[in-house]
Every structure is written in structure tokens, then in C-alpha cells.
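This report concerns only the one structure given below.
FYI, the numbering just counts along the sequence from 1.
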Amino acid sequence: MAHGTLITVAPTGAEHAKADVPNLPVTLEELVRTAKDCERVGAAMIHVHIRGADAKPTLDLQRLKDTVAALREETSLVVQLSTGGAVTDPEADRLRVLDAMPDSASCTMGTVNFGDDVFMNRWEFVVELHKRMRERGIVPEYEIFDIGQLASLRRLLDEHGLPAGGHVHVDLVMGVPGGMPGDVSTLVAALPLIPPGATFSATGIGRTSLAVMLAALSAGGHLRVGMEDTISYAKGERVKDNAQLVARAAGLAKIAQRPPLLVAEVRDLLGVAQSN
Ligand code: KMH
Ligand code: ZN
């Protein structure tokens, strides 16, 4: 069992509208502020989706580069850019995200129904992401929305080898309508399919957040929390900010005697180069 817990914050996502969720960080200033707050209470990695001047999701390369630079300047967090983007983003734009040269990037292991939409991840596209990340020394986090995608990950590693950094890290994204449910039995069912030697984190969408967090901690996994995944803190209570979710995760990790890992420990764990 891992001695400590990697806590990743996913503060924004591509799904919530600023008009509906006014405390969602969408500007660079809001993102940096939330990143600093979250680092202070136990986050070590940030999973980033950015928004344009209109607060809508964008994969604009210059904005992505500016975001990576600002987060590196203001925090020591491991900076992970989403290559998932929004369901409407074309593959070419998603591949170009890597040119912003983050420490890490997400790599979703298959196509999945996503609410009323489809989140497309063709096999050839997944392979291309994996290869381009390795060429650039960017450490992937393999996003798993359904259990069969773990079999695809095994195939990817068998056919195309280990990622940059040599370590495999998986994130179970549970409770998306169309993907695997966010409950204990599904998490337990996923465990034997995770490649040997790999680490995993888990996040539960919406109301599955707490059940998945507690199950992941018990199973020796790491945690992802944030307003990308849930905007309610408890029944009838909206999330105040991302730091509130990170603080709760850090508290539960301490109770589980698996306290939050420091950023330097996480860089070692994931095979991400230490920052200067
Ligand atoms: N926004 C979802 C369509 C990722 O960041 O890599 C995809 C997503 C996964 O959030
Ligand atoms: Zn994401």
C-alpha cells in the first residue's frame, strides 16, 4: 500500500458554465489563485482545462503556454494539461496541447458515452498521444472512464512500450453517465486490471465523489478532487471553492494514515522531472 496520497485538483473542467457556477475558476488569475490555495492545503498536481476570454473552453496554444508558465512561476505543483478538452474539440487541437510542454498530460484510453454526448478517443489517436508524449518527455496520466479501457491500456503498453518517465499512472474517472459507476464494487473490480506496478488515483463525478474517495483510500489509491468533477460539497450544499474539496481529501487521507504526498515525492513517484 502506498505510504502517502497524491492529491490532484481538477479545478475547472470543460463542462460547467461560468454563468451557472460563478465561483468556477476560468481566468488565468482565478486559476493561479485556486492553484496556490489548493497547494497550501495538500494538492501536489493540477489537472488543467483552460477557458477563453468568453469563459468557454479553449485549446488555444498560446493561452495554454501562458497557463503552464504562470502555474510554474506561482506554484510548485505538477502541471498536467488535459488533452481531453471538451467533447467538441478536434483531434488535431487535442494533440497540439502537448506543444505547451506541461509536466504531464491526460490520455483517455477509449471512447465513451458522456451524458448526451460522445467523448471520442479512437485507438490510433490514443497511440499518437502516447507516442508524442514520450517524444516530448511528458508523463501521461491514463484516464479510465470504463473498465474495458484498462484492457486497452494493457494493449497500448504491450504494443508501444512504457511512457515517458517509465512509470504508469492511471486515473479512474467514475460516475460519468455512460461510463463505469462510481461505487465500491466497481472500483474493486477495476483493481486487478490495473497494470502491475502502476499507481492509480480515482475521482467520483457528482454525488459519487465521497464513496469513490473513501474506496480509493482503502484500496491504496490516490485521489483526484475538484470542481471539474463535482460542484456540490454535501446534499444541498454547493462547493465553496476547490481548496475546500482538497482540504477534505487531505483530511481523509490523514485519517487513513496516508497523508498527502509532497510535490517532490509525487515527481519521484510519477517519474516527472523535479522543478528547478
Ligand atoms: N472534458 C471531458 C470531455 C481529460 O481531461 O482528459 C474529457 C476530460 C478528460 O475531462
Ligand atoms: Zn479533464
Side-chain angles (χ1 to χ4, degrees), residues 7-60 62-64 66-71 74-75 77-89 93-94 97 100 102 105-106 108 114-117 119 141 143 145 171 173-177 182 201 203-210 212-213 223-250:
I7 300 178
T8 299
V9 61
T12 308
E15 281 69 43
H16 301 300
K18 180 78 168 170
D20 300 334
V21 188
N23 54 343
L24 192 72
V26 296
T27 66
L28 184 53
E29 196 192 343
E30 288 168 345
L31 181 67
V32 167
R33 194 180 325 127
T34 214
K36 288 165 87 168
D37 291 346
C38 291
E39 182 174 13
R40 211 173 293 123
V41 294
M45 179 150 76
I46 185 164
H47 168 85
V48 179
H49 291 251
I50 62 163
R51 302 291 176 103
D54 57 1
K56 300 228 168 75
T58 177
L59 294 179
D60 178 81
Q62 191 54 52
R63 262 188 131 82
L64 286 165
D66 293 346
T67 302
V68 171
L71 289 169
E74 300 284 339
T75 76
L77 294 168
V78 177
V79 178
Q80 178 184 93
L81 290 182
S82 165
T83 67
V87 287
T88 45
D89 284 321
D93 293 5
R94 292 172 58 190
V97 167
S106 57
T108 295
F114 197 87
D116 296 342
D117 298 306
F119 179 29
E141 176 178 88
E143 308 288 336
F145 287 76
D171 181 44
V173 184
M174 310 182 73
V176 169
S201 58
T203 183
I205 303 300
R207 68 185 59 172
T208 71
S209 173
L210 268 174
V212 168
M213 185 155 35
L223 306 178
R224 175 174 122 173
V225 293
M227 293 174 75
E228 171 168 347
D229 300 336
T230 184
I231 51 170
S232 75
Y233 188 74
K235 199 167 178 210
E237 185 185 338
R238 280 282 181 110
V239 166
K240 192 161 74 61
D241 55 25
N242 281 287
Q244 182 190 32
L245 293 170
V246 172
R248 176 167 68 178

Is there a donor-acceptor pair under 3.5 Å between the side chain of [X] and the backbone N or O of [Y]?
{"X": "Arg248", "Y": "Tyr233", "result": "yes"}
{"X": "Asn242", "Y": "Thr34", "result": "no"}
{"X": "His16", "Y": "Leu24", "result": "no"}
{"X": "Asp229", "Y": "Gly226", "result": "no"}
{"X": "Thr83", "Y": "Ser106", "result": "yes"}

Report the C-alpha distance between Val41 and Ile7 in whole Å, list the side-chain angles of each, state the deciding distance to 0.1 Å, and finish with yes or no for side-chain contact (heavy atoms from CB on, under 4.5 Å). CA-CA 10 Å; Val41 294; Ile7 300 178; over 6 Å; no
What residue among Leu245, Val21, Asn23 forms side chain to side chain contact (heavy atoms under 4.5 Å, CB included) with Ile231?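 Exactly one option meets the side chain to side chain contact (heavy atoms under 4.5 Å, CB included) with Ile231, and it is Val21.
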Of Val9, Thr12, Leu81, the residue whose pairing with Ile46 passes side chain to side chain contact (heavy atoms under 4.5 Å, CB included):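 Of all the options given, the one that passes is Val9.
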Can you name the nearest heavy-atom pair linking [X] to [Y], along with the distance?
{"X": "Ala35", "Y": "Leu77", "result": "O-CD1, 3.7 Å"}
{"X": "Ala249", "Y": "Val225", "result": "CB-CG1, 4.0 Å"}
{"X": "Glu141", "Y": "Ser201", "result": "OE2-OG, 4.2 Å"}
{"X": "Ala55", "Y": "Val26", "result": "CB-CG2, 4.2 Å"}
{"X": "Gly175", "Y": "Thr208", "result": "CA-OG1, 4.2 Å"}
{"X": "Ala14", "Y": "Gly85", "result": "CB-O, 3.6 Å"}

Flag side-chain contact, heavy atom, 4.5 Å: Leu31 against Leu71: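 They are in contact (side-chain heavy atoms under 4.5 Å apart), so the answer is yes.
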Pair Glu30 + Arg51, salt bridge at N-O below 4.0 Å: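 Looking at Arg51 together with Glu30, the answer is no, because their closest N to O distance does not fall below 4.0 Å.
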Could you tell me whether Arg63 and Asp66 make a salt bridge, using a distance below 4.0 angstrom between a side-chain N and a carboxylate O?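 A salt bridge is absent here (no side-chain N lies under 4.0 Å from a carboxylate O).
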How long is the gap from [atom1] on [X] to [atom2] on [Y], to the nearest 0.5 Å?
{"X": "Glu74", "Y": "Arg33", "atom1": "CD", "atom2": "CZ", "value": "11.5 Å"}
{"X": "Met213", "Y": "Arg224", "atom1": "CE", "atom2": "CZ", "value": "13.0 Å"}
{"X": "Thr8", "Y": "Glu228", "atom1": "OG1", "atom2": "CD", "value": "11.0 Å"}
{"X": "Glu143", "Y": "Asp171", "atom1": "CD", "atom2": "CG", "value": "4.5 Å"}
{"X": "Met227", "Y": "Ser232", "atom1": "CE", "atom2": "OG", "value": "10.5 Å"}

When you look at CD of Glu29, are more than 12 heavy atoms from neighbouring residues, nucleotides or ligands closer to it than 6.0 Å?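 Incorrect, the count does not exceed 12.
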Flag if over 12 foreign heavy atoms under 6.0 Å of CG, Asp54: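 Yes - once you tally the heavy atoms of other residues, nucleotides and ligands closer than 6.0 Å, there are more than 12.
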Hey, mind stepping through Ile50 and Thr58 against side-chain contact (heavy atoms from CB on, under 4.5 Å) and telling me if it holds? CA-CA 6 Å; Ile50 62 163; Thr58 177; 3.9 Å; yes
